[in-house]
Amino acid sequence: MNKTEFLLALQRQINMLEDDEQKDIVDEYSQHIDMKIQNGMTEDEAIEDFGPLDQLVGEILGAYHVKAPSPAIGTAGVASAQDKSPADAEKAKGHAAENLIAGSKRAASSVAEGIKKGASGIKNAAGEAGSKAKAAAAQAGTKAKKSSEAAASKTKQGLGGMASGVAKGGTALGSGLMKAASTCVRWCWNFFVACICAMFFLFAVVFLFSLGFCLVLQIQGYPLLGICLCALGLLMASISLMLLCARLFWRKPASVPMREGVIPQAHSFGASWHAEAPTPQAPVAAAQPAPAHSATATKPLPQQPHATDDTAPYAPIR
Amino acid sequence: MNAQFKKGVLELLVLESVRARDMYGYELVEEISSAIDVKEGTIYPLLKRLTNEHYFETYLRESTEGPPRKYYRLTAAGIMRADELRREWFEFQQSVCVFLEEHGHE
């Protein structure tokens with residue numbers, strides 16, 4: 001077998017590879033044969049040094065993880081096998097095309113069915129939701145009517161009390177809603193910040209591992225000093241960003257302690273219990289005696305006891 | 001020499017040869033053949049496999065003696081692979097030698 005026959009046979013047996021790879025392989029062996037001829041060997045001797053062609057092809061294809069052709073096809077039978085293969089290949093291509101078309105049709109039909117089912121499901125769900133909403137609205141309307149009638153009757157009976165109660169309820173509701181809203185916003189913000197902190201923590205771990213790995217390789221002699229410095233810088237940046245994000249957490253505000261003197265129920269000498277806050281009293285003249293009938297349940301007595309009024313009778317506590 | 005022995009160390013020898021300097025295919029075959037008797041047809045598939053596994057990278061260099069030659073150069077992954085095989089080889093050789101010494105005179 002001469003060089004041309006060998007290279008043709010070789011290329012036929014590796015025709016499943018890409019064209020660039022085939023050319024690369026054939027060029028390599030061609031150069032090798034040329035160099036052997038330059039060193040004094042004949043073409044046949046140079047080709048025989050490669051060993052059996054089937055074995056050679058098996059090893060070449062093994063490098064590409066491709067299964068080698070059947071060993072029964074020797075170099076003599078390569079031509080006949082190749083002659084038959086185009087027809088078989090065409091038949092196989094035809095079968096493959098038919099299978100592909102059938103498979104694509106089946107896939108399209110299944111997708112269409114899925115879309116139809118989804119659309120019908122959505123329609124049913126929308127219809128049910130609409131009917132439920134109507135029923136709920138009707139119930140709510142009847143309930144609202146009933147509650148409004150009851151409320152109207154109640155308001156007729158105690159209009160003043162209702163107004164103050166509603167006002168108090170409204171303020172309480174408003175403050176509650178504000179608290180709830182601020183709590184939700186705080187939780188969402190803290191979750192977001194926690195996620196960012198976790199992300200920077202993961203980055204820091206990855207860069208720490210990379211730094212260690214690169215340092216080991218650097219000690220072993222690989223030129224990775226630049227990469228080590230980069231990993232160190234990124235590690236420090238990740239840690240800094242993580243600490244920065246940790247400071248952005250929104251902590252719950254501490255409750256304000258009760259102040260002295262703001263207790264709504266004041267207790268002073270001779271005075272009855274009141275719900276009002278104590279008001280600053282004008283200093284009473286020392287010469288004026290405190291009248292007994294003035295210390296009633298509705299009027300608060302002065303905070304400062306009279307200096308010369310120790311003998312004044314105290315008003316009864318109701 | 002036993003073919004399986006040669007097959008086992010061939011990859012190590014190829015990696016270590018290219019580590020010393022960039023080589024083209026025929027030059028590498030000559031270098032390896034000076035150490036062990038190996039079929040030349042085995043070297044090229046091995047070079048192809050090591051290139052596909054990114055242990056080698058190739059480039060063309062003009063030659064005055066004919067068409068441009070394809071040179072093989074070891075990559076960083078190839079250096080690590082060569083170090084690994086080298087270490088495994090010495091461990092294997094040592095353990096086999098110890099075993100043979102223990103059982104050599106029985």
Side-chain angles (χ1 to χ4, degrees), chain A residues 1 3 6-7 9-11 13-14 17-18 20-41 45-66 68 75 213-214 216-224 226-227, chain B residues 3-4 6-7 10-11 14 19 23-34 36-72 74-84 86-87:
Chain A
M1 184 187 290
K3 175 185 167 184
F6 171 77
L7 294 177
L10 176 65
Q11 188 165 14
Q13 294 218 31
I14 60 171
L17 300 177
E18 290 183 0
D20 293 339
E21 296 293 335
Q22 292 180 40
K23 182 177 180 307
D24 191 32
I25 292 167
V26 169
D27 288 344
E28 288 254 36
Y29 283 94
S30 174
Q31 268 191 11
H32 191 90
I33 293 171
D34 291 338
M35 287 182 187
K36 280 192 167 291
I37 292 171
Q38 284 177 7
N39 288 340
M41 296 176 76
E45 288 171 349
I47 291 166
E48 280 176 11
D49 267 347
F50 290 131
L53 182 62
D54 295 336
Q55 188 179 348
L56 181 65
V57 167
E59 290 178 355
I60 292 172
L61 294 179
Y64 293 90
H65 303 286
V66 174
T75 55
F213 185 70
C214 293
V216 168
L217 291 178
Q218 173 68 25
I219 290 167
Q220 286 183 352
Y222 295 104
L224 298 175
I227 297 176
Chain B
Q4 295 300 322
K6 289 189 283 187
K7 195 176 179 181
L10 192 58
E11 184 177 341
V14 166
R19 186 180 203 168
M23 288 187 180
Y24 58 94
Y26 183 78
E27 185 183 13
L28 185 60
V29 169
E30 294 290 300
E31 179 96 358
I32 300 295
S33 298
S34 64
I36 56 174
D37 181 25
V38 63
K39 282 199 180 302
E40 292 166 359
T42 312
I43 300 290
Y44 284 104
L46 178 61
L47 291 176
K48 214 27 116 170
R49 179 173 68 80
L50 294 175
T51 306
N52 291 342
E53 293 174 356
H54 305 289
Y55 294 136
F56 283 146
E57 57 186 11
T58 60
Y59 61 92
L60 289 175
R61 192 191 291 180
E62 294 294 331
S63 169
T64 56
E65 298 175 356
R69 292 173 181 167
K70 186 165 79 172
Y71 278 76
Y72 293 87
L74 210 58
T75 62
I79 294 174
M80 294 175 69
R81 175 67 175 165
D83 290 339
E84 181 187 353
R86 193 186 183 94
R87 181 178 48 80

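Numbers restart at 1 for each chain; the letters A, B, ... are given by sequence-line order, proteins then strands. Nothing here was measured: the structure is a model prediction, and the numbers come from that model.
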> For the atom pair CG (A:N39) and CD (B:E30), what is the distance rounded to the nearest 0.5 Å?
Replying inline: 6.5 Å
>> Using the side-chain contact (heavy atoms from CB on, under 4.5 Å) definition, which of the options A:H32, A:E28, A:M35 pairs with B:Y24?
In response: A:M35
> Contact part of A:Q38 toward chain B, heavy-atom cut-off under 4.5 Å: side chain, backbone, both or neither?
Replying inline: side chain
> Under a 4.5 Å heavy-atom cut-off, does chain A meet the side chain of B:L47, its backbone, both or neither?
Replying inline: neither
>> Between B:T51 and chain A, with a heavy-atom cut-off of 4.5 Å, which part of the residue counts as in contact: side chain, backbone, both or neither?
In response: neither
> Heavy-atom distance under 4.5 Å between the side chains of B:Y44 and A:I25, does that happen here?
Replying inline: no
>> Check this for me: B:M80, atom CE, are more than 12 non-hydrogen atoms of other residues, nucleotides or ligands nearer than 6.0 Å?
In response: no
> With sequence neighbours left out, what residues match A:Y222 under ring-ring contact (aromatic ring centres under 6.0 Å, His included)?
Replying inline: none
Under 3.5 Å, sequence neighbours excluded: what are the donor-acceptor pairs made by side chains of residues 56-63 of chain A?
none

> Are B:K70 and A:D24 close enough for a salt bridge, meaning some N to O gap below 4.0 Å?
Replying inline: yes
>> For A:Q220, I'd like to know if atom CD has over 12 heavy atoms of other residues, nucleotides or ligands within 6.0 Å.
In response: yes
